[in-house]
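Small disclaimer: the values here were computed from a predicted structure and weren't measured.
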Amino acid sequence: MSSGFGPSTAFASARARPAAAFDYRDVLLALGRLLLGGIFVVSGYGKLTALSAFAAGLEQRGVPMASTMALIGAPVEFFGGLAIVLGLEVRYAALLMIAFVIVATIISHRFWLLAGAAREAQQIQFSKNVAIAGAFITLVAVGGGRYAVERLWRRA
């Protein structure tokens, strides 16, 4: 005899829940999008408003065509983060941000070229970016959730 608890009961009740019912998971997903995308909005804005300094930093790191890459990277970071925060085409935005994070990680966190404390610090930053890419992969899988602007567009 079932106690009323456990996976089968939980999943059955989740499926039976009306579409308009409150679900804390949607709130958590929106909060997660805000926290994850917000990092990129703030950082991307800083790069957009100081594009020449961003390009100079890329050039110092040996990035070819640093000015062109800065013109691509800064808007991708800002608008990609904004799309995640607002819930605009979240799956596509998350794919874009995965590519951005991979490129940024390879450019900025080459711990394997360093030694000592500098290596350890950059290895931590590298690992952090791998975790961020994992969060974007999760968004590709689940989408933006109920509190995403894209949901409003699909209703119309």
Inset, instruction - To the nearest 0.5 Å, tell me how far Leu28 CG sits from Leu35 CG. - result: 10.5 Å
Legend entry - same_hphob_cluster(Trp112, Ile102) at 4.5 Å side-chain heavy-atom cutoff: no
Inset, instruction - Ignoring hydrogens and angles, tell me if any N or O in the side chain of Thr49 forms a donor-acceptor pair with the backbone of Tyr45 under 3.5 Å. - result: yes
Legend entry - Hydrophobic cluster membership, Ile84 vs Val27, 4.5 Å side-chain cutoff: no
Inset, instruction - Keeping the roles fixed (side chain from Glu150, backbone from Glu89), state whether a donor-acceptor pair exists under 3.5 Å. - result: yes
Legend entry - Val42-Leu31 co-clustered via ILVMFWY side chain contacts under 4.5 Å: no
Inset, instruction - Drop me the distance from Phe111's CZ to Thr105's OG1, to the nearest 0.5 angstrom. - result: 11.0 Å
Legend entry - Reported OG-to-CG distance for the pair Ser43 and Leu48, which is rounded to 0.5 angstrom: 9.5 Å
Legend entry - Side-chain donor/acceptor of Arg91 to backbone N/O of Ala141, under 3.5 Å: yes
Legend entry - Arg33 side-chain N/O to Gly144 backbone N/O, donor-acceptor pair under 3.5 Å: yes
Inset, instruction - Enter the distance from Met97:CE to Ile39:CD1 here, rounded to the nearest 0.5 Å. - result: 9.5 Å
Legend entry - Rounded distance [0.5 Å steps], CG in Leu114 versus CZ in Arg119: 8.0 Å
Legend entry - Joint hydrophobic cluster, Tyr92 plus Ile132, side-chain heavy atoms closer than 4.5 Å: no
Legend entry - Parallel, tilted or perpendicular: ring planes of Phe100 versus Phe40, cut at 30 and 60 degrees: perpendicular
Inset, instruction - To the nearest 0.5 angstrom, please state how far the NZ atom of Lys47 sits from the CG atom of Leu58. - result: 8.5 Å
Inset, instruction - Pick out which of Lys128, Gln123, Gln122, Gln125 makes a side chain to side chain donor-acceptor pair (under 3.5 Å) with His109. - result: Gln122
Inset, instruction - Determine, using the 4.5 Å side-chain heavy-atom cutoff (strictly less than), whether Ile98 and Ile107 are members of one ILVMFWY cluster. - result: yes
